[in-house]
Participant: 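Right, I'll just put the structure down here and ask away after.
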Amino acid sequence: MKYPDPAQLRKISAINHVWGLGDRYYKLAHKHYGEKKLWWLIAWFNMAPTESHLNPGQVIQIPMPLEAALSYLVFYLVLPLRKRGMIPA
């Protein structure tokens, strides 16, 4: 999955979060998005696929608003895959 370039990142703001013991992506997704199933968006945005890639005290970013982060993914991931016939329209 292509990561946003600096110009694209300017359209997505983020909330800083200091990673602590007991933190989980799904808990942060539930807190900020109201949906724990969106944990992967936080992981992708921070280029850390699992919690084990983070250390206590490390600052991560929660992409906001949710709609902007998801619209990036639709434009740069879903549409190209549809053009290639890899996912249905």
Side-chain angles (χ1 to χ4, degrees):
M1 188 179 314
K2 182 181 170 190
Y3 193 74
D5 63 35
Q8 294 158 334
L9 282 174
R10 284 191 285 278
K11 296 177 185 173
I12 303 171
S13 60
I15 298 170
N16 288 336
H17 175 81
V18 179
W19 193 258
L21 294 175
D23 277 345
R24 296 289 179 264
Y25 286 143
Y26 78 89
K27 291 179 183 178
L28 293 172
H30 185 304
K31 177 181 176 182
H32 294 284
Y33 305 141
E35 178 55 69
K36 64 183 180 181
K37 292 179 183 177
L38 293 171
W39 66 267
W40 58 268
L41 181 60
I42 299 168
W44 168 77
F45 195 78
N46 288 280
M47 293 188 261
T50 68
E51 288 95 347
S52 66
H53 290 88
L54 302 171
N55 298 308
Q58 184 174 346
V59 177
I60 66 165
Q61 296 184 321
I62 313 298
M64 299 295 279
L66 175 60
E67 294 77 18
L70 290 176
S71 68
Y72 169 84
L73 291 174
V74 168
F75 188 76
Y76 289 97
L77 177 66
V78 175
L79 295 179
L81 291 176
R82 280 189 182 156
K83 285 181 184 178
R84 294 182 185 145
M86 299 173 82
I87 58 174

Participant: Could you walk me through whether Ile42 and His17 pass the side chain to side chain contact (heavy atoms under 4.5 Å, CB included) check?
Facilitator: CA-CA 11 Å; Ile42 299 168; His17 175 81; over 6 Å; no
Participant: Report the residues that fulfil side-chain contact (heavy atoms from CB on, under 4.5 Å) with Asn16, sequence neighbours left out, ordered by chain and then residue number.
Facilitator: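 Here the qualifying residues are Val59, Gln61.
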Participant: Not counting sequence neighbours, which residues clear side chain to side chain donor-acceptor pair (under 3.5 Å) with His30? List them please.
Facilitator: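 Side chain to side chain donor-acceptor pair (under 3.5 Å) list for His30, sorted by chain: empty.
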Participant: With rounding to the nearest 0.5 Å, note down the distance linking CG in Leu41 to CD1 in Ile62.
Facilitator: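 Going from the CG atom of Leu41 to the CD1 atom of Ile62 covers 9.0 Å.
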Participant: Only counting residues at least two apart or in another chain, list the ones meeting ring-ring contact (aromatic ring centres under 6.0 Å, His included) with Trp19.
Facilitator: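 Scan of Trp19 (ring-ring contact (aromatic ring centres under 6.0 Å, His included), adjacent residues dropped) gives Tyr25.
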Participant: Tell me, please, which residues at least two apart from Ser52 pass side chain to side chain donor-acceptor pair (under 3.5 Å).
Facilitator: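 Scan of Ser52 (side chain to side chain donor-acceptor pair (under 3.5 Å), adjacent residues dropped) gives Thr50.
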Participant: Please round to the nearest 0.5 Å and tell me the distance separating atom NZ of Lys31 and atom CD1 of Ile15.
Facilitator: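 Taking NZ in Lys31 and CD1 in Ile15, the distance rounds to 8.5 Å.
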Participant: Is Leu28 close to Ile60 at the side-chain level, that is, under 4.5 Å between some pair of heavy atoms?
Facilitator: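 They are in side-chain contact.
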Participant: Sequence neighbours excluded, which residues qualify as side chain to side chain donor-acceptor pair (under 3.5 Å) partners of His32?
Facilitator: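 None.
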Participant: For Pro49, which residues count as a side-chain contact (heavy atoms from CB on, under 4.5 Å) partner, sequence neighbours excluded?
Facilitator: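 Testing Pro49 for side-chain contact (heavy atoms from CB on, under 4.5 Å), a comparison that skips the adjacent residues, returns His53.
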Participant: If you take all heavy atoms of Phe45 and Ala14, which pair is closest and at what distance?
Facilitator: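 Minimum heavy-atom separation between Phe45 and Ala14: CE2-CB, 4.2 Å.
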